[in-house]
Amino acid sequence: MAGPVTLQDVADHAGVSRATASLVLRETGRVSQQTRQRVTEAMTTLGYVYNRGAASLRTQTANTIGVVVTHIASPFFGEVIHGLETGLTDSGYLPLLVNTDDDPARQHEAIRKLREHQVAGLALVPATGTTASLIDELRAWKMEHVLVSRYLKDVNAPYVGADDVVGGRLAATHLLETHGCESLAYLGGLPAILSRGDRTNGVKDALLHRGLDTSALIDMPGEVSGTGGLELGERLIASGPLPDGIICHSDSVAFGLYRALRIHGLGNNTRVIGYDNIGGAALWEPPLTSVATQGEALGRRAARMLLERIKEPGTPTSIDKTIPELAVRQSCGCS
């Protein structure tokens, strides 16, 4: 057959009208199972490929959703992305994934390109430094969106994430009350990351509740990665005696910290708690105690919220915060 196969070619081959073939293709309308099978077999025989891009132009809708994350290599965001993908594909949407490297300028360009692809909505982990103007722009474009894992200060936008004040308080309370720690350190996370501020506020709440001054907290910001944890661990060791307990901004930071501790023969000299409870936390040695934020489930909930907003545009802003739980293992001193 010369030229690309058209839907009319499929209809002629199956012995149905083009309208009927279109209904089968879009999985809509009242078409018998026998007719659907004939049309499907004709598509296979002729090698017909549905041009969804052209269909989007005709209908001004798309079956794609933009998923924008800050660090695609992060194990935690990998779990979030998996949950998002599962929730979106189960509902017939295709996620278009973009990595911003936590750069607001790169993020803006990525979202502009996703708009050109007429995505039906946007699931966004906002880059550090993102301002309210981005949300204003999304609303002007009438692009439904949900912020994932990170919110924006004083900005009313749909959000799905963990209650990080509770998470920080949970980790600190365990170290203070269960293990009798009197000095703590918080390692990792850039100062501008709001979740970091929330977690350290939770840690300080726990210190005050225990009757300890917040000066008992060594606060060391840094890169959220294994390499960042190694560098922070080296700095902490060089600064003097280790605190009784250390809370890390992520499990990856905790892994890097342990590398530094072992290099200096200090692997058993303090208690360590990570954050996010990624899949590898339980496989670490010693198995890592971690604040569980349920990344995959968080991604699925974000997908569900976004799909609901796409179905009913302009619905009131909703906030969905997970209450973290502590996955207790041996790194904090528990047996």
Side-chain angles (χ1 to χ4, degrees), residues 162-278 281 284-293 324-335:
D163 190 325
D164 285 310
V165 174
V166 172
R169 187 186 301 123
L170 194 64
T173 298
H174 183 77
L175 291 172
L176 296 169
E177 297 187 359
T178 302
H179 298 291
C181 295
E182 294 186 354
S183 60
L184 301 177
Y186 189 94
L187 266 60
L190 300 176
I193 298 176
L194 294 179
S195 61
R196 186 185 198 281
D198 287 345
R199 295 175 194 181
T200 55
N201 284 339
V203 173
K204 291 172 182 176
D205 287 349
L207 286 167
L208 293 172
H209 182 74
R210 185 71 173 171
L212 297 171
D213 193 88
T214 55
S215 61
L217 176 66
I218 300 171
D219 192 352
M220 297 182 67
E223 180 183 318
V224 184
S225 67
T227 301
L230 173 60
E231 293 173 352
L232 288 166
E234 291 284 359
R235 283 173 47 198
L236 183 64
I237 292 166
S239 69
L242 290 173
D244 298 331
I246 302 173
I247 301 167
C248 296
H249 190 75
S250 74
D251 293 339
S252 296
V253 171
F255 298 158
L257 165 66
Y258 261 114
R259 178 61 180 155
L261 293 173
R262 286 169 178 161
I263 288 172
H264 295 274
L266 300 171
N268 298 317
N269 286 44
T270 187
R271 304 172 189 276
V272 178
I273 294 181
Y275 211 99
D276 289 327
N277 194 35
I278 62 173
W284 193 251
E285 185 55 46
L288 183 65
T289 296
S290 184
V291 178
T293 55
E325 298 178 352
L326 193 64
V328 178
R329 303 187 182 98
Q330 295 173 19
S331 68
C332 65
C334 290
S335 57

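Note: hydrogens, waters and symmetry copies are ignored here, and every other heavy atom, side chains too, is used. Small disclaimer: the values here were computed from a predicted structure and weren't measured. We're numbering straight along the sequence, starting at 1.
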How long is the span from the [atom1] atom in [X] to the [atom2] atom in [Y], to the nearest 0.5 Å?
{"X": "Asp163", "Y": "Asp198", "atom1": "CG", "atom2": "CG", "result": "7.5 Å"}
{"X": "Ser250", "Y": "Asn277", "atom1": "OG", "atom2": "CG", "result": "12.5 Å"}
{"X": "Ile273", "Y": "Cys332", "atom1": "CD1", "atom2": "SG", "result": "5.5 Å"}
{"X": "Ser195", "Y": "Leu190", "atom1": "OG", "atom2": "CG", "result": "10.0 Å"}
{"X": "Leu194", "Y": "Asp164", "atom1": "CG", "atom2": "CG", "result": "10.0 Å"}
{"X": "Leu208", "Y": "Arg169", "atom1": "CG", "atom2": "CZ", "result": "11.0 Å"}

Please list, one pair per line, the donor and acceptor atoms closer than 3.5 Å that link side chains of residues 215-224 to other protein atoms, with sequence neighbours excluded.
{"from": "Ser215", "atom 1": "OG", "to": "Asp213", "atom 2": "OD2", "distance (Å)": "2.9"}
{"from": "Asp219", "atom 1": "OD1", "to": "Arg196", "atom 2": "NH1", "distance (Å)": "2.9"}
{"from": "Asp219", "atom 1": "OD1", "to": "Arg196", "atom 2": "NH2", "distance (Å)": "2.6"}
{"from": "Glu223", "atom 1": "OE2", "to": "Ser225", "atom 2": "OG", "distance (Å)": "2.5"}

Looking only at heavy atoms, which two atoms of [X] and [Y] are closest? And how far apart?
{"X": "Tyr258", "Y": "Gly267", "answer": "CE2-O, 3.7 Å"}
{"X": "Val272", "Y": "Ala254", "answer": "CG1-CB, 4.2 Å"}
{"X": "Pro324", "Y": "Leu170", "answer": "O-CD2, 3.7 Å"}
{"X": "Cys181", "Y": "Leu176", "answer": "O-CD2, 3.1 Å"}
{"X": "Ile247", "Y": "Ala171", "answer": "CD1-CB, 3.9 Å"}
{"X": "Ile246", "Y": "Leu175", "answer": "N-CD1, 4.2 Å"}

- Task: Give a yes or no on whether Glu234 atom CD has more than 12 heavy-atom contacts from other residues, nucleotides or ligands under 6.0 Å away.
- Result: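 More than 12 heavy atoms, drawn from other residues, nucleotides or ligands, come within 6.0 Å of this atom.
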
Between the side chain of [X] and the main-chain N/O of [Y], is any donor-acceptor distance below 3.5 Å?
{"X": "Thr200", "Y": "Gly197", "answer": "yes"}
{"X": "Thr173", "Y": "Ala206", "answer": "no"}
{"X": "Asp251", "Y": "Tyr275", "answer": "yes"}
{"X": "Ser290", "Y": "Ala327", "answer": "no"}

- Taking only residues at least two apart or on different chains, which pairs with a member in residues 163-183 satisfy ring pair (Phe, Tyr, Trp, His ring centres under 6.0 Å)?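 Sorted pair list: His174-His179.
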
Mind checking whether [X] and [Y] have side chains closer than 4.5 Å, heavy atoms only?
{"X": "Cys248", "Y": "Leu257", "answer": "yes"}
{"X": "Phe255", "Y": "Ile278", "answer": "yes"}
{"X": "Asp205", "Y": "His209", "answer": "no"}
{"X": "Ile237", "Y": "Ile263", "answer": "no"}
{"X": "Thr289", "Y": "Arg271", "answer": "no"}
{"X": "Val291", "Y": "Asp276", "answer": "no"}

- Query: Excluding sequence neighbours, so at least two apart, what forms side chain to side chain contact (heavy atoms under 4.5 Å, CB included) with Glu182?
  - Reply: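 For Glu182, the residues satisfying side chain to side chain contact (heavy atoms under 4.5 Å, CB included) (neighbours in sequence not counted) are Asp244.
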
- Query: Between Thr178 and Val328, does a side chain to side chain contact (heavy atoms under 4.5 Å, CB included) hold up when you go through it step by step?
  - Reply: CA-CA 11 Å; Thr178 302; Val328 178; over 6 Å; no

- Message: Run Leu184 and Leu212 through side chain to side chain contact (heavy atoms under 4.5 Å, CB included) and show every step you take.
- Response: CA-CA 11 Å; Leu184 301 177; Leu212 297 171; over 6 Å; no

